[in-house]
2 protein chains.
Amino acid sequence: MSRQEAVQILQTHGIKPSYQRIKIYEYLVDKKNHPTVDTIYRELSPGLPTLSKTTVYNTLKLFHSVNVVQKVMIEDNEVRFDADTSIHGHFKCLSCGEVYDFPVQKNALMYGIPEGFSITDEHIYCTGYCQDCAQVDTTLLQASS
Amino acid sequence: MSRQEAVQILQTHGIKPSYQRIKIYEYLVDKKNHPTVDTIYRELSPGLPTLSKTTVYNTLKLFHSVNVVQKVMIEDNEVRFDADTSIHGHFKCLSCGEVYDFPVQKNALMYGIPEGFSITDEHIYCTGYCQDCAQVDTTLLQASS
DNA sequence: AACCATAACTGTAATTATTACAATGTCGAT
DNA sequence: ATCGACATTGTAATAATTACAGTTATGGTT
Ligand SMILES: [Mn+2]
Ligand SMILES: [Mn+2]
Ligand SMILES: [Zn+2]
Ligand SMILES: [Zn+2]
């Protein structure tokens, strides 16, 4: 994503595009890796030596408040962030730790929610083993047989 | 739930039914309130004066490891627990804080997950305003018009 | 350019949830 | 009654997040 696009998106959400905010937003959009605060801080620090972790926290909270990012919580000890705020599912591989996106059926949720409830946010995620890691298991099983 | 039923379920999952474990399990099953560790501790303490919060943590971790409970994470600062381990959705009202269960379509998830991925766990949740709280909003709006 | 008000950034301290650990208690088998 | 294994407890350590106060960057006004 170009710097100008990033600035554009932040501005249309009422966010003043500071140097740090642009860098953090670009990181999220370019990497698409659902990083934690710590990962973002660790990866951006070298090129932004004065960056404070507090700024990363503040920035993500701001982004989230105007729906520029969504939070992804799968394991209870890590909060991840995603610049793709469209409705989609997340799959975390318990072996390699990778988080994958997957499409979800439109209105998959609506179905069971009672009349009179209004929804602001919906999340779908699962855990398991990705193709690569499941593959290894299979290979090992075969090798040992 | 009777004490005997609780003991039964714990035993069939290979858990030795200690006094504390039974109390915690009964609490989860009877209240169905998706409590946090803190809530469980606070509510059981009066009738179990020696109970340690560490025991609550240990017990829930044990329960979770053998799938006697599932974790419910909706907001990033609270982990809740649910003795209903069947696949169902959770709705948290942002106004009153109540967590409601709702049914989900069978295989709602499978749909988008690529070939070769194996799923161990699936979760669906959303946030919004429950019927009671949305009602109040409507009433207020009408009153002010 | 100098000045100023405002907002953003930074680093440290405080808070909170969770886990580690070591001591103590429980309980059934011998 | 003794023993060993496991469960419980209380405290200390860890880790994530937030609060806060000082500093710096920004943009407008003179
Ligand atoms: Mn995603
Ligand atoms: Mn439930
Ligand atoms: Zn994997
Ligand atoms: Zn409500």
Side-chain angles (χ1 to χ4, degrees), chain A residues 3 6-7 9-11 13-27 34-66 68-81 92 97, chain B residues 3 6-7 9-11 13-27 34-66 68-81 92 97:
Chain A
R3 181 194 179 77
V7 168
I9 291 174
L10 294 183
Q11 283 177 336
H13 285 84
I15 292 176
K16 192 177 295 184
S18 74
Y19 187 60
Q20 290 86 341
R21 288 172 178 173
I22 295 169
K23 286 295 186 193
I24 292 171
Y25 186 68
E26 284 180 335
Y27 179 84
H34 308 94
T36 62
V37 162
D38 212 68
T39 301
I40 296 171
Y41 176 72
R42 213 157 4 85
E43 301 256 307
L44 291 184
S45 270
L48 230 106
T50 72
L51 182 66
S52 162
K53 195 177 279 190
T54 299
T55 296
V56 181
Y57 275 106
N58 289 343
T59 300
L60 291 169
K61 181 172 292 196
L62 174 65
F63 285 1
H64 184 244
S65 73
V66 296
V68 161
V69 301
Q70 66 168 314
K71 289 187 186 179
V72 177
M73 290 171 293
I74 299 177
E75 289 180 301
D76 59 9
N77 55 347
E78 62 175 29
V79 179
R80 291 161 169 266
F81 293 88
K92 175 164 183 172
Chain B
R3 181 194 179 75
V7 168
I9 290 174
L10 294 183
Q11 281 177 336
H13 285 84
I15 292 176
K16 193 176 294 184
S18 74
Y19 187 60
Q20 290 87 341
R21 289 171 178 173
I22 295 169
K23 286 294 187 193
I24 292 170
Y25 187 67
E26 284 180 336
Y27 179 85
H34 307 94
T36 62
V37 161
D38 212 68
T39 302
I40 296 171
Y41 176 72
R42 214 158 5 85
E43 301 256 308
L44 292 183
S45 270
L48 231 105
T50 72
L51 182 66
S52 162
K53 194 176 279 190
T54 299
T55 297
V56 181
Y57 275 106
N58 289 342
T59 300
L60 291 168
K61 181 171 292 195
L62 174 64
F63 285 2
H64 184 245
S65 73
V66 296
V68 161
V69 301
Q70 66 167 315
K71 289 187 185 179
V72 177
M73 289 171 292
I74 299 178
E75 289 180 300
D76 59 10
N77 54 347
E78 62 175 29
V79 179
R80 291 161 170 265
F81 293 88
K92 175 164 183 172

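Labels below follow one simple rule: chain letters A, B, ... track the order of the sequence lines, proteins then strands, and each chain is numbered from 1.
- As a whole-Å value, the separation of Y41(A) OH from dT17(D) P is 15 Å.
- If you take CZ of R80(B) and P of dA17(C), they are 13 Å apart, rounded to a whole angstrom.
- Near-neighbour residues of DNA chain D inside residues 43-62 of chain B, defined by a heavy atom below 4.0 Å, number-ordered: T50(B), L51(B), S52(B), T54(B), T55(B), N58(B).
- A sub-4.0 Å separation between OP1 or OP2 of dA25(D) and a side-chain N or O of S18(A) is absent.
- Counting any heavy atom pair closer than 4.0 Å across all strands shown, V79(A) reaches sugar-phosphate atoms only and no base atom.
- In this structure, NZ of K23(B) is placed 17 Å from C1' of dA7(D), rounded to the nearest angstrom.
- I15(A) contributes atom CD1, which lies 4.0 Å from atom CG of L62(A) (distance to the nearest 0.5 angstrom).
- For the pair I15(A) CD1 and dA8(C) P, the computed distance is 10 Å after rounding to whole Å.
- Residues R21(B) and D38(A) each lie close to DNA chain D; by heavy-atom proximity, the contact nearer the 5' end of the strand is made by R21(B).
- The phosphate of dA25(D) has neither OP1 nor OP2 within less than 4.0 Å of any side-chain N or O from Q20(A).
- Here dT16(C) presents its P atom at 14 Å from CZ of R42(B), a figure rounded to the nearest Å.
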Which pairs would a plain distance check flag for residues 53-60 of chain B, meaning a side-chain donor or acceptor within less than 3.5 Å of a matching protein atom at least two apart in sequence or in another chain?
unit_1: K53(B); atom_1: NZ; unit_2: D38(B); atom_2: OD1; d: 2.4
unit_1: N58(B); atom_1: ND2; unit_2: T54(B); atom_2: O; d: 3.4
unit_1: T59(B); atom_1: OG1; unit_2: T55(B); atom_2: O; d: 2.7

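- No more than 12 heavy atoms of other residues, nucleotides or ligands lie within 6.0 Å of CZ in R3(B), so this atom counts as exposed by the packing criterion.
- Separating the CZ atom in F63(B) from the CG atom in L10(B) is a distance of 5.0 Å, to the nearest 0.5 Å.
- Between the NZ atom of K71(A) and the P atom of dA16(D) there is a distance of 15 Å, given to the nearest Å.
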Result block: side-chain N/O donor-acceptor pairs under 3.5 angstrom for residues 68-76 of chain B, not counting sequence neighbours:
unit_1: Q70(B); atom_1: NE2; unit_2: D84(B); atom_2: O; d: 2.8
unit_1: K71(B); atom_1: NZ; unit_2: D76(A); atom_2: OD2; d: 2.5
unit_1: E75(B); atom_1: OE1; unit_2: K92(B); atom_2: NZ; d: 2.6
unit_1: D76(B); atom_1: OD2; unit_2: K71(A); atom_2: NZ; d: 2.6

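- Rounded to whole Å, the distance from CD1 on I24(A) to P on dA8(C) is 13 Å.
- If you check every strand for non-hydrogen atoms under 4.0 Å, E78(A) touches nothing.
- Applying the side chain to side chain donor-acceptor pair (under 3.5 Å) definition to pairs two or more places apart or across chains, those involving residues 17-27 of chain B are Y27(B)-N33(B), Y27(B)-E43(B).
- Atom CE of M73(A) and atom P of dA16(D) are 16 Å apart (whole Å).
- Nearest heavy atoms, I22(B) versus P17(B): CD1-O, 3.4 Å.
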